Amino acid sequence: VFTLAGLGALLVAVIVSGLSSRSIVRPIDRVITRLHESAATGELPEFDSGKERIHEIRDLTESFNRAATAVREGQERLRQANVQFIESLASALDARDPYTAGHSRRVSQYACATAQALGLSPAQMQEIRIGALLHDIGKIGIADAILQKPGRLTNEEEEIIRQHPSIGRKILEGVAGFQAYLNVVELHHENWDGTGYPRRLRGDETPLTARVVKIADAWDAMTSDRPYRRGLSREKALEILRKVSGTQTDPIVTEVFCKLWDAAGAVEESTDASLAHLARAVGSDPAGSETSIPAQQEAS
């Protein structure tokens, strides 16, 4: 009897011990699995500590959640500081020429409105927003005598200006955190038909983000005053964009961009977020000359 009772007690102890260990191992295993997933994705997980019955495990997950929140807040502050630095850099570049003051900011706003209308992802939106602010950074390497020349550029000067996308890429490619914007900086002057620069890419060989920024860049170039001519009217600029659609610009992106401007007269009453964003970026229409100026040449 004593032997059987002892064996029974031992069996019960083993079963209870096994169940107890599983109740501890399972939550720990869930924590470890989530941490492995975090290592793969680079995103800090957030644990639902309220479901944990074991006090120590609950304290552990709550402590991790507080630490993760602090890290995310730090990352957000760093991101905001990075964006502010980029905006300051773009403003400093535009300040070299009074005729291009605010150009990069406007291009970013126009491009973001177009990206919203196209339904692009948040990652693409961010690439467009920052890439557009940086798209002319390569002009730092271009002499003021060429950038601020009051008249038309010679062929030799035009070739020098066309180096600014490649210069911009060289400036940024060695800077950590800027790799995502290199395509926009380098490829925003590529043409749909393969006649652009610097790589002469054709069609969708040019990333969509760069194609969106190209149209916004051409629009601001055409509608802004320059030393040798007044900015074009909205109607004339739209006419030129539609004329070069399918040759210089992506036809789908061009049509979306033009439709936004066609609807700009009723933007204030619209609830569409992209139109509202575009309305804030538009400002007043410059009175323009009716002289035809190719979008590609003006955006150079």
Side-chain angles (χ1 to χ4, degrees), residues 86-87 90-91 93-94 99-120 124-139 164-165 168 180-192 196 206-226 231-234 236-264 267 272-286 288 293-300:
I86 291 169
E87 290 176 342
S91 297
L93 175 64
D94 290 345
Y99 286 95
T100 61
H103 168 71
S104 298
R105 176 183 55 80
R106 291 192 301 272
V107 170
S108 180
Q109 290 174 320
Y110 298 148
C112 284
T114 307
Q116 286 179 349
L118 287 166
L120 301 190
Q124 289 173 307
M125 288 284 296
Q126 180 72 354
E127 181 181 344
I128 286 172
R129 178 191 175 198
I130 303 301
L133 287 173
L134 294 168
H135 77 283
D136 275 345
I137 194 68
K139 288 183 177 179
H164 80 268
Y181 317 122
L182 295 182
N183 283 335
V184 170
V185 170
E186 183 185 19
L187 305 175
H188 67 279
H189 281 300
E190 296 290 349
N191 284 343
W192 185 255
T206 303
L208 177 57
T209 51
R211 304 199 304 266
V212 170
V213 172
K214 175 186 177 65
I215 292 178
D217 186 31
W219 175 268
D220 191 68
M222 288 190 293
T223 56
S224 300
D225 291 338
R226 294 298 174 92
L232 299 180
S233 66
R234 176 192 302 177
K236 187 62 179 179
L238 286 172
E239 177 186 335
I240 292 174
L241 276 184
R242 286 189 165 109
K243 183 177 180 180
V244 301
S245 176
T247 55
Q248 294 184 18
T249 61
D250 180 331
I252 295 177
V253 178
T254 302
E255 187 57 27
V256 169
F257 185 88
C258 291
K259 284 182 177 180
L260 289 175
W261 282 97
D262 287 338
V267 163
D272 187 278
S274 63
L275 290 180
H277 188 97
L278 180 57
R280 292 192 294 271
V282 169
S284 58
D285 290 334
I293 301 175
Q296 175 66 23
Q297 182 179 5
E298 281 303 300
S300 297

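Being a predicted model, the structure only gives us computed values, none of them experimental.
Here the NE2 atom belonging to His189 is positioned 5.0 Å from the CG atom belonging to Asp217, to the nearest 0.5 angstrom. Put simply, CD on Glu239 and CE on Met222 are 10.5 Å apart, with the number rounded to the nearest 0.5 Å. Interatomic distance, Ser224 OG to Leu232 CG, rounded to the nearest 0.5 Å: 10.0 Å.
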Would you list the atom pairs, donor with acceptor, under 3.5 Å between side chains in residues 124-133 and any protein atom, with sequence neighbours excluded?
| unit_1 | atom_1 | unit_2 | atom_2 | d |
| --- | --- | --- | --- | --- |
| Gln124 | OE1 | Ser121 | N | 3.1 |
| Gln124 | OE1 | Ser121 | OG | 3.2 |
| Glu127 | OE2 | Thr209 | OG1 | 2.9 |

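With sequence neighbours excluded, the residues forming a side-chain hydrogen bond (donor to acceptor under 3.5 Å, both in side chains) with Asp250 are Arg211, listed by chain and number.
Across every non-hydrogen atom of Ala113 and Leu260, the tightest pair is O-CD1, 3.9 Å. Gly168 approaches Ile137 most closely through the heavy-atom pair CA-CG2, 3.7 Å. In this structure, Thr206 and Ala210 approach most closely via the heavy-atom pair CG2-CB, 3.8 Å. Considering all non-hydrogen atoms of both residues, Phe257 and Ala216 come closest at CE1-CA, 4.4 Å. Residues Val212 and Ala115 come closest through the heavy atom pair CG1-N, 4.5 Å.
Residues Asn191 and Lys214 form a side-chain contact, since some pair of their non-hydrogen atoms from C-beta on lies under 4.5 Å apart. Within the 4.5 Å cutoff, the side chain of Arg234 has heavy atoms near those of the Trp219 side chain. In this structure, the side chains of Ile215 and Leu241 come closer than 4.5 Å at one or more pairs of heavy atoms.
Between His188 and His164, the ring planes are tilted. Angles from 30° to 60° get that label.
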**Prompt:** After noting the C-alpha distance and the side-chain angles of Thr254 and Val244, does the key distance pass the side chain to side chain contact (heavy atoms under 4.5 Å, CB included) rule?
**Reply:** CA-CA 9 Å; Thr254 302; Val244 301; over 6 Å; no
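A donor-acceptor distance shorter than 3.5 angstrom exists from the side chain of Thr114 to the backbone of Tyr110, with no hydrogens or angles considered.
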